[in-house]
Amino acid sequence: MNEFDEFDAFEAAAAPVPLSQRAMGARPMPYLDGLNAAQREAVEVLDGPVLLLAGAGTGKTRALTTRIAHLLTLNKARPGQILAVTFTNKAAREMKERIGRLLGEMVEGMPWLGTFHSISVKILRRHAELVGDATLHLKPSFTILDTDDQIRLLKQLMEAENVDVKKWTPRWVASHIDNYKNRCWRPDAVPASAEKTIERVPGTFTTKRDGGSGHEVKVTEVYRQYQRRLLELNAVDFGDLLMHCVTIFQAHPDVLRQWQDRFRYILVDEYQDTNVAQYMWLRLLAKAHRNICCVGDDDQSIYGWRGAEVGNILRFETDFPGAKVIRLERNYRSTAHILAAASGLIAANRGRLGKTLWTEAEGGEKVRLIGHWDSEAEARWIGEEIESFHGGHRHAVGQRGLNDIAILVRASHQMRAFEDRFMTIGLPYRVIGGPRFYERQEIRDAMAYFRLAVSPTDDLAFERVVNLPKRGLGDKAVQKIQVEARERGLSLLEGAASALAVGAIGGKGGAALRVFVESMGRWHADAIDSAANHVELAERILDESGYTAMWQNDKSPDAPGRLDNLKELVKALEEFENIQGFLEHVALVMDNDKAEQADQVSIMTLHAAKGLEYPIVFLPGWEDGLFPSQRSMDETGMKGLEEERRLAYVGITRGEELVTISFAGNRRMYGQWQSSLPSRFIDELPEDHVDVLTPPGLYGGGYGAAAQSFGHQSHMQSGMHDRAAKADVYNSPGWKRMQQRSADRAQPVHRAPVIIDAEPAARFSVGDRVFHQKFGNGTVMGIAEDTLTVEFTTGFKTIKAGYVQPASAGGGGLDDVPF
DNA sequence: GGAACGGCAGTTTTT
DNA sequence: CTGCCGTTCC
């Protein structure tokens with residue numbers, strides 16, 4: 001994927017449409033069939049500003065993709081003249097697929113359908129020289145730093161300024177700089193009210209100019225130095241991609257004009273998630289022709305904490321006077337009870353644009369609500385429920401595969417209870433989210449090798465891998481290299497060669513460094529040689545550098561997984577022409593959506609669940625402090641609470657047929673048991689659409705049992721504050737309703753668990769060494785039918801035999817590593 | 001230069 | 001209770 005080829009293709013696509021083609025007349029539009037009135041309007045009102053308020057499950061993506069198909073069919077624009085932005089690569093990919101399906105083979109790819117960031121990169125590569133000044137500016141070959149590089153760089157700068165990095169962590173400073181960038185504030189434009197001051201290590205002062213007098217340093221000063229250093233490295237971070245584009249558009253009207261002319265129609269997905277920088281980016285591009293269609297749902301704005309401004313969507317009609325507002329309110333996803341519960345809850349938020357979701361679907365079960373004694377009981381109960389669905393013992397819902405079931409949690413630490421429980425009972429599950437492929441250590445390390453081979457002046461990459469695997473080059477050696485490089489104005493790699501030449505680094509480390517520098521020279525020669533095979537080169541780099549061997553010799557349980565990832569990385573290279581093209585792909589586009597083949601329950605955070613849907617959804621952990629999260633409320637007050645409520649709304653609306661909300665009276669947090677009260681959101685659920693279940697073991701139901709299980713007793717001993725909070729909840733209508741209902745239906749919800757057929761278990765005996773994906777190697781200490789008790793380094797675990805393998809066969813996988 | 005210990009913090013996450 | 005960092009000790 002050479003971006004300049006793409007530009008050429010783009011130039012062709014942007015050329016005026018030949019008259020002969022316009023004269024072809026209307027083509028058939030089968031894609032319009034089956035749209036409802038609002039969807040049809042959303043597709044057909046093509047000119048001028050349009051705000052499409054699309055509630056959960058109302059066919060938003062369909063409307064958006066059909067709209068693009070319609071623009072193309074009517075010859076309003078060619079593919080290269082439509083700018084369509086999304087937030088995630090996944091969303092972009094889905095849209096491309098769906099447009100292709102709508103139009104058959106007739107349309108070539110849409111070059112400007114992508115994420116804000118990937119589109120910004122393409123624009124920025126064209127005008128890189130406009131960033132910076134005459135003496136120092138960006139070059140089109142700039143690299144994109146990931147968060148990790150960003151932090152390392154900041155840390156170096158802060159340490160050079162003697163900043164107390166324990167008290168003021170580089171991560172903290174990075175998050176403030178990101179915030180500034182999200183708002184398009186360059187270092188000189190940060191308002192005084194947003195300025196942060198950090199301190200130097202006690203007793204240290206600086207002779208530098210206005211880095212702050214003496215003890216204090218301003219974050220904007222660090223920010224300024226950071227931006228300067230990025231330019232020197234010919235690098236940008238994620239925030240820069242947007243901010244630099246906006247800066248260029250603002251400072252160079254001719255450049256802006258060029259892009260405005262190109263993008264005749266603009267479409268924006270998930271508009272409620274845009275931050276200020278993205279908003280400015282869009283406004284600048286749209287202000288000439290105003291053909292902008294923004295799709296979003298203010299009730300699903302859940303990213304305020306990373307800079308998203310709900311205000312952008314609330315203000316749309318003011319920003320674009322005469323905007324057409326279209327509401328998609330007919331829901332095709334959920335039952336009426338689920339919709340009503342979600343709508344009732346979200347109604348408590350103020351300042352909404354207002355939508356009323358409705359459905360023609362009838363019947364269905366109410367949203368179920370159940371309280372448990374503690375988080376372990378909650379996990380146990382949900383496990384049993386899932387087994388009962390799976391076995392087909394329910395009439396209303398029918399037999400379900402595990403792929404139809406999701407557990408959505410507020411915070412990732414809640415996942416553990418479920419993982420432990422499911423592991424024990426042998427229930428297959430998958431965790432969605434987690435570290436992205438390209439964020440993993442081994443991937444970033446490999447990438448640093450590739451980066452250095454491609455551009456030997458990449459100092460950050462050099463620092464990352466020069467002593468990886470261990471080459472006996474510690475801080476002292478690296479410092480010598482840095483001094484040498486600085487004195488002679490060289491890159492670190494050249495500095496290393498120079499330090500070796502003058503004999504500054506000798507001994508074992510020196511010999512290893514010599515090998516490293518020489519190897520890198522060979523790899524670089526091959527990396528810039530277009531005749532060389534880049535896949536083979538990548539394998540060789542990882543092999544010859546000793547990086548692969550490092551993981552092969554590593555005994556930790558995740559080492560095999562890391563080797564697998566490296567294999568996958570090399571395999572991914574095959575789809576690119578060279579390593580350069582690949583590097584950009586990984587920086588911006590690569591994600592780890594694996595094909596979901598196996599039948600597994602999905603566990604994920606509520607944030608990760610946005611845009612997904614499942615027939616059966618469990619929403620555990622609805623306790624005040626956890627959900628809504630205490631921190632959210634402390635930091636942003638009512639604003640935070642409303643965002644939490646929207647999160648609850650997102651959670652409920654993921655469910656198609658059955659939603660079960662639950663809470664636990666006691667939960668282990670940081671090793672301590674803590675009691676808590678049911679979430680205030682529970683009280684906000686409309687009574688008519690909720691079924692209160694009695695947990696197993698509390699046959700009496702009623703107030704006493706319920707109160708006990710909700711941590712009532714421990715709260716009795718707490719101070720006045722807790723007492724007041726408790727009284728509130730216990731006097732609320734929702735609470736009383738719950739007691740009443742619990743008393744009414746005192747029958748237990750217990751069902752006979754249906755054991756899922758486990759894989760034919762290998763035969764184990766006590767004392768066998770076994771390997772487990774997560775816990776590593778262990779020893780079998782006890783056997784009961786197909787359940788093993790295994791001692792791992794981390795302690796004893798009870799695990800179904802199917803989850804472990806004999807240690808010899810499983811743990812390694814080292815024999816068949818390809819490099 | 002590398003292992004072993006101690007301290008401390010600890011939502012949500014895309015690009 | 002964890003995991004991650006940084007310091008200490010060999």
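Everything numeric here is computed off the predicted structure, so don't read it as measured data. Chain letters run A, B, ... following the sequence lines, proteins first, then strands; residues in each count from 1.
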Check your understanding: A/W172 has an atom CH2; how far is it from atom C1' of B/dA9, in whole Å?
Key -> 17 Å
Check your understanding: Just how far, in rounded Å, is C1' of B/dT13 from CG of A/N275?
Key -> 14 Å
**Study point:** Aromatic ring of A/W305 stacked on base six-ring of B/dT12, 5.5 Å, 30°
**Key:** yes
Review point. In whole angstroms, how far is the P atom of B/dT11 from the CD atom of A/E623?
Key: 16 Å
Check your understanding: B/dT15 phosphate, OP1 or OP2: any side-chain N/O from A/T147 under 4.0 angstrom?
Key -> no
Point to revise | Phosphate contact (B/dT12 OP1 or OP2) by A/S412 side-chain N/O below 4.0 Å | key: yes
Check your understanding: Whole-Å distance between B/dT15 C1' and A/E270 CD?
Key -> 15 Å
Exercise for review: For a side-chain hydrogen bond (donor to acceptor under 3.5 Å, both in side chains) with A/Q156, tell me which candidate from A/Q482, A/E463, A/E161 qualifies.
Suggested key: A/E463
Practice item. Could you tell me whether the side chain of A/R410 has a donor or acceptor atom within less than 3.5 Å of a complementary atom in the base of B/dT11? Key: no
Review point. Between A/W281 and A/Y279, does the ring centre distance come in under 6.0 Å?
Key: no
Review point. Are A/K166 and C/dT7 close enough that a side-chain N or O sits under 4.0 Å from OP1 or OP2?
Key: yes
**Study point:** A/M158 versus A/W168, closest heavy-atom pair with distance
**Key:** CE-O, 3.2 Å
Revision key, fill the gap. Separation of B/dT13 atom P from A/H117 atom NE2, nearest Å, is 17 Å
Practice item. Classify the nucleic acid contact of A/T115 as base, sugar-phosphate or nothing, counting any heavy atom under 4.0 Å across all strands shown. Key: sugar-phosphate
Point to revise | A/D148 CG - C/dC4 P separation (whole Å) | key: 13 Å
Practice item. Could you tell me the separation between the NZ atom of A/K610 and the P atom of B/dT13, rounded to a whole number of Å? Key: 12 Å
**Study point:** A/R416 CZ - C/dG3 C1' separation (whole Å)
**Key:** 11 Å
Review point. Considering heavy-atom distances to DNA chain B, does A/E643 or A/T88 have its closest nucleotide positioned more toward the 5' end?
Key: A/E643
Practice item. Please work out if A/K155 contacts a base, only the sugar-phosphate, or nothing of the nucleic acid, heavy-atom cut-off 4.0 Å. Key: sugar-phosphate
**Study point:** A/W305-A/H607 aromatic ring centre distance below 6.0 Å
**Key:** yes
Point to revise | Sugar-phosphate, base or nothing in reach of A/Q278, heavy atoms under 4.0 Å | key: nothing
Point to revise | Toward the 5' end of DNA chain B, by each residue's nearest nucleotide, A/L606 or A/N467 | key: A/N467
Exercise for review: Output yes when at least one side-chain N/O atom of A/Y670 is less than 4.0 Å from OP1 or OP2 of C/dG3, else no.
Suggested key: no
Practice item. Take A/V478 and A/N467 through the test side chain to side chain contact (heavy atoms under 4.5 Å, CB included) and record every step on the way to the result. Key: CA-CA 9 Å; A/V478 172; A/N467 197 30; 5.8 Å; no
Check your understanding: Which one, B/dT11, C/dG6, B/dT13, comes nearest to the side chain of A/H607?
Key -> B/dT13
